[in-house]
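In what follows, a structure is listed as structure tokens, so that the remarks can point back to it.
Source: prediction; values computed, not measured.
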There are 2 protein chains.
Amino acid sequence: MNDISFNSRDCGNCPIRHRAVCARCQPDELERLDAIKYYRTFEAGQPVIWSGDPMEFVSSVVSGIATLSQTMEDGRTQMVGLLLPSDFIGRPGRDAAPFDVVAVTDLTLCCFRKKPFEDMMERTPAIGTRLLQMTLDELDSAREWMLVLGRKTAREKIASLLAILARRDASLHMKPPRDGMSFELPLTRESMADYLGLTLETVSRQVSALKKSGVIELQGKRRVVIPNLQALITETGDDMDGAPIT
Amino acid sequence: MNDISFNSRDCGNCPIRHRAVCARCQPDELERLDAIKYYRTFEAGQPVIWSGDPMEFVSSVVSGIATLSQTMEDGRTQMVGLLLPSDFIGRPGRDAAPFDVVAVTDLTLCCFRKKPFEDMMERTPAIGTRLLQMTLDELDSAREWMLVLGRKTAREKIASLLAILARRDASLHMKPPRDGMSFELPLTRESMADYLGLTLETVSRQVSALKKSGVIELQGKRRVVIPNLQALITETGDDMDGAPIT
DNA sequence: GCTTAACTTTGATCAGGATCAAAACAAGAT
DNA sequence: ATCTTGTTTTGATCCTGATCAAAGTTAAGC
């Protein structure tokens, strides 16, 4: 077990070391009950877990993107989180998943079986502390998103989403966001709508509107160029010194 | 220091023992830097802390109700949380408050100075574990609220808020919610609007509409009677077996 | 009692975004 | 090439909730 250790310098946001803690297991090792850590891959569009399902593992995103969402009986859905590399998925101490997790691109998770992970947490308090910090950050992000959902206009919502995606894309590549940067939209118009509490038509129209205003440029349908970061932030309606939404 | 201990049976949701851990300090003891634990009271309407302010304490609500909210420059505000007795306020490991906290009724907080509390957490991992559980619960609640804000109609939003308040009032009195129960609305129509992402006029109209439909009864403007709990839950749009929103 | 101020209800009108519908576009598969 | 399927854009219309305005209610203070 001492090959599973916590090292906060290993990976900025993740309580688990990703690299070579133990050899990468093959997917079928999932079946081996004694496998403590293993990797799982999902194809774009595949569900990782449904709300209410028993969760026998905790994990963190190694590569790819997943969404966390809820759906009402009549089909209305709301995304409640976007899971990017280094994000943590799981609920130590809980049995059932509270939300649906779906891979939106090809996805690789680094999984720990829950019980051994909880044991490890108990022996290594730093993991719990790190997890608490990450959870508090997520809570703040969720609450900031509540302002977006509850009070912002469609245009501000789109700008807010693009600003977050820009920031996260930049931090993923370990460089600060800057004027002229560009990134690939990981979401369809429909997923963007589900994240923002809008319809896909409104998303399309507002993206076009921001483009026409020169706030963004589009290369194809999915690549977004941000000529002037401050202009984008102004469109979000936030104060410029706003807390960095992670 | 050994008079500050963690006892999970003391209070259902709070990582800190409320009762008689040390003698109640007078408010002015706040000034004494060596006071580790003390009580603070706020009058209805008073701010507890503003977003961005340094937070030199963590605390939990002993009595009364506070709101957690954000405001945009142009005055649009969104409540992001309702703090009831036993709820925790604070961010171990953080210096600045992420949101505004305002007392909506007379409020008593049980405060710990942050540094000693963090030391205590380090020595007593169970506190950190408990705090992680509470934070995960809050995160789930926040995410469930995102569905309310993003996808529900005004009528469903009002029903959802009333359902939550009913549940929390019941659990405060340690009994299960039941048909015919009643509770006092702790919020003005305006605060309800800020919580739900609506205007106060819409709140007023929808409350009246629910009353006219017989889903609720009103005694005065603030006391709500729920003749049929299931009928209210149906109005929320959630599935009946929905996760208990705390 | 009256006054005042905060809160709440109700009414009339407006507008932002939803809905319904159809066409345009892109990428694979045959 | 052509077909298929999924995604995106654009257009026309509708409706929910916002906005503007005014009156009603409540409770506290004098």
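Within the 3.5 Å criterion, the main-chain N or O of A:W50 finds a donor-acceptor partner in the side chain of A:D53.
Taking only side-chain atoms of B:R222, from C-beta outward, the nucleotide of D:dT10, C:dT10, C:dT8 with the closest atom is C:dT8. Nearest nucleotide to the B:R189 side chain, out of C:dT19, C:dT9, D:dG17: C:dT9. Listed candidates were C:dT8, D:dG17, D:dA18. Nearest to the side chain of B:A154 is D:dG17. Taking every side-chain heavy atom of A:R205 into account, D:dA12 is the closest of C:dT9, D:dA12, D:dC20.
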Contacts table for residues 196-206 of chain B: side-chain donor-acceptor under 3.5 angstrom, sequence neighbours left out:
| from | atom 1 | to | atom 2 | distance (Å) |
| --- | --- | --- | --- | --- |
| B:T199 | OG1 | B:T202 | N | 3.4 |
| B:T199 | OG1 | B:T202 | OG1 | 3.1 |

Please tabulate, for side-chain N and O atoms in residues 209-221 of chain A, each donor-acceptor pair with protein atoms closer than 3.5 Å (sequence neighbours left out).
| from | atom 1 | to | atom 2 | distance (Å) |
| --- | --- | --- | --- | --- |
| A:S213 | OG | A:R155 | NH2 | 3.0 |
| A:S213 | OG | A:A209 | O | 2.9 |

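Minimum heavy-atom separation, A:L187 to A:T67: CD2-CG2, 4.3 Å.
Counting any heavy atom pair closer than 4.0 Å across all strands shown, A:L198 reaches sugar-phosphate atoms only and no base atom. Contacts of B:S204 with the nucleic acid, taken as non-hydrogen atoms under 4.0 Å apart, include base atoms. Using a 4.0 Å heavy-atom criterion, one finds that A:G197 contacts the sugar-phosphate atoms exclusively. Among the protein residues, A:T188 comes within range of the sugar-phosphate backbone only, with heavy atoms under 4.0 Å from sugar or phosphate atoms but none that close to a base.
What separates CD of A:E156 from C1' of C:dG16 is a distance of 12 Å, to the nearest Å.
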